[in-house]
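For reference, the structure discussed in these notes is given below.
Each chain gets a letter, A, B and so on, in the order its sequence line appears, and its residues count up from 1.
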2 protein chains.
Amino acid sequence: MDIQFNHFPYPIYIAEQSFPSLIDRLSRQIGKKFLLTDQHVAQLYSEQLEKLQSIEQVYVHTLPAGEESKSLSAYQEVLTKMAVLDFTRSDCFIAWGGGVIGDLGGFIASTYLRGIPFIQVPTTLLAMVDSAIGGKTGLNFATYKNQIGSFYQPQWVHIDPAYLKTLDHRQINNGLAEVIKYGILCDPNLFEQIKVSKDQLDYFSIIRRSLEIKHHYVSQDPYDQGQRQFLNLGHTFGHAIEAVSHHQIHHGEAVAIGLSWIAQASYQLGWTHTDLKPLLESVYQQHGLSHDFVGDSFDLLNAMTHDKKSLGQKIHLIIPIEIGHCIREAIPTSELMSWIQAGRGK
Amino acid sequence: MDIQFNHFPYPIYIAEQSFPSLIDRLSRQIGKKFLLTDQHVAQLYSEQLEKLQSIEQVYVHTLPAGEESKSLSAYQEVLTKMAVLDFTRSDCFIAWGGGVIGDLGGFIASTYLRGIPFIQVPTTLLAMVDSAIGGKTGLNFATYKNQIGSFYQPQWVHIDPAYLKTLDHRQINNGLAEVIKYGILCDPNLFEQIKVSKDQLDYFSIIRRSLEIKHHYVSQDPYDQGQRQFLNLGHTFGHAIEAVSHHQIHHGEAVAIGLSWIAQASYQLGWTHTDLKPLLESVYQQHGLSHDFVGDSFDLLNAMTHDKKSLGQKIHLIIPIEIGHCIREAIPTSELMSWIQAGRGK
Ligand SMILES: NC(=O)c1ccc[n+]([C@@H]2O[C@H](COP(=O)([O-])OP(=O)(O)OC[C@H]3O[C@@H](n4cnc5c(N)ncnc54)[C@H](O)[C@@H]3O)[C@@H](O)[C@H]2O)c1
Ligand SMILES: NC(=O)c1ccc[n+]([C@@H]2O[C@H](COP(=O)([O-])OP(=O)(O)OC[C@H]3O[C@@H](n4cnc5c(N)ncnc54)[C@H](O)[C@@H]3O)[C@@H](O)[C@H]2O)c1
């Protein structure tokens, strides 16, 4: 089934076991094709990769798997290859992998000759429900995450939940945390839908609904100046936890903890009468997600105030009121410590 | 006087001796300010620079003058400084210099945290009539010019023709070649206006009219997919001449030669009955511009077909019919040599 969102100027194709359609669609795409992937995906799907390479004028470039590839040096490496292969503005760029490949690939596609057609084939749950749409691209710079980037829309996105079969437990959780976020933001049904074990999850439906919700916020605010900040629910704490744990705690795990803390703080500080923690508990238990993180609150505060989302002396927090309803509030950074402590139940 | 173009979402301020307004406007700009300039401009205008630095939270970064600063290493150098100074999305970036500083600065502003407010203060004629508006940013990569870049609009542009007083003859010609181009494209009056000596030129009026013309093409085609190609008049030959001369011939000088050749070829190959060469002659003599370039035609052809503007097997040429009227034609690259030869009168 293909989804075409209103206002989105490009199609999103979602279908199970749809590799033949991918091959077909790419064969019909004009120009040369630069396909970027990581070594892990390339190995797992070597058979598909061979078939992809059998399409006329497909050039494959493989980077090491992991966040380290979202770097300026990987950017240069790929640009050099594209320049040598004489890629022009009528050729295209394909990102075939998780959020790392998508973010780096999007930045390359948006800046090579000021932008060439870009195709996203996300292979992780996180990329399918989140990073492959919305148009944010990014690179890490020095110790700063996504310090460089652009807003750039793909020409089309191909989503095949079949890729999820090879993802491990932690990588699925990485994506599920974002789905839980969407549920808390605005959809109690979606929240209910994930209260089952991983092998019973209806990925097709979850991905579809997640994209609709993400699209709802993005379309109102493509350049992230207001409404889109709702998508940061759980992320202000989450990013800090990730950083303070030196990335031992994965993004999704950190977001899950962040969601739990912000829900708890909202209740403790009197923003809501609903104690959401027990509601989250059932989902977290099901998927082996944690509410807790052992780390110094001052370190967290420090990480949060260096977060680029802090505008001057206030920070926008997205505060859960109930499952399916949140509000956005500018909180003075001086009050953040009380939020952290309330979130941790201290 | 301030010009506000329709459809342009930002103001362009043009006024003589308007440094006080610049100071005033920057003082009212919220957030920290990162000002990029080159050593040559910094030295010539050290007094202004001091005053600019006296504005609250202005940080100045100076790069060596010249095209070499449009590099990934300069990009990294500036990004590092901005990150260390903790620049956020609510701060702003000022490019104070010629096209090099504007192109690099625009790319930095468009990609730092996915884009921060950007202010252009062009100080060369070329930057005032051309590069500071239109939204193209760019870096050179390896041996490729503008191989990396983005489309990004400034928040406002401040143009003060007083800066032109310190520009040398060749640098004025650099900009005048673009003005001649605008005249040939669509304005016989503009063309007439520059038939006077440099010290008699009415820069205010020339800049204003040039920006109107550039805007006319850009607004119809912000991402350079068609109509905007008219602005390449003279540039297909011009870029090749620049490259083959190893940049001994400056951009504007090369464009002037390119304009002359394409006009000549148009006449020789029967696209027009008007021999434009004598009309160009008077302007070229006035300003010491040349029609000729000694260099191998095969080298030029090679440079042209590697030019990124070549889409597949055809190349779009902008062909002058008379002063004020040009057409766009897709010419097979196989016919390019005859255009070069006709242009050179061989
Ligand atoms: N652009 C956005 O809007 C946005 C949103 C959220 C996150 N992100 C970014 O996304 C990145 C994280 O994405 P991610 O979690 O997909 O990371 P990732 O791309 O590193 O993928 C995680 C791991 O899964 C492997 N993998 C990929 N597909 C697989 C498959 N089908 N089977 C088995 N293994 C597979 C990868 O090789 C990698 O080892 C971060 O850099 C983050 O900043 C971007
Ligand atoms: N973005 C666009 O649409 C666009 C259009 C045309 C050209 N460009 C780019 O612009 C660049 C060329 O611009 P440029 O010609 O301004 O080059 P530039 O920025 O190198 O300036 C030329 C020289 O003039 C000096 N200078 C600047 N202001 C001065 C002043 N007021 N008085 C005396 N000297 C001064 C500079 O220090 C430099 O040495 C090229 O890189 C080209 O690719 C971009």
Name the region of A/Ala83, side chain, backbone, both or neither, that has any atom closer than 4.5 Å to a heavy atom of chain B. both
Could you please spell out the steps behind the side-chain contact (heavy atoms from CB on, under 4.5 Å) verdict for B/Tyr223 and A/Arg114? CA-CA 9 Å; B/Tyr223 298 109; A/Arg114 300 198 188 93; over 6 Å; no
Passes side-chain contact (heavy atoms from CB on, under 4.5 Å), B/Tyr144 versus A/Thr80? Steps please. CA-CA 10 Å; B/Tyr144 307 91; A/Thr80 305; over 6 Å; no
Output for pair (A/Met82 CE, B/Gln147 CD), nearest 0.5 Å, gives 8.5 Å
Those residues at least two apart in sequence (or on a different chain) that pass side chain to side chain donor-acceptor pair (under 3.5 Å) with B/Tyr152 are none
Within a radius of less than 6.0 Å around CD1 of B/Ile30, do more than 12 heavy atoms belonging to other residues, nucleotides or ligands occur? no
Atom pair CG (B/Leu72) and CG (A/Leu72), whose distance is rounded to the nearest 0.5 Å: 6.5 Å
ring-ring contact (aromatic ring centres under 6.0 Å, His included) with B/Tyr59: which residues, sequence neighbours excluded? B/Phe87
In this structure, OG of A/Ser150 is separated from CZ of B/Phe151 (nearest 0.5 Å) by 12.5 Å
Side chains of A/Phe141 and B/Thr111 in contact at under 4.5 Å (non-hydrogen atoms): no
For A/Leu79 and B/Ile148, which heavy atoms make the closest approach, and how far apart are they? CD1-CD1, 3.3 Å
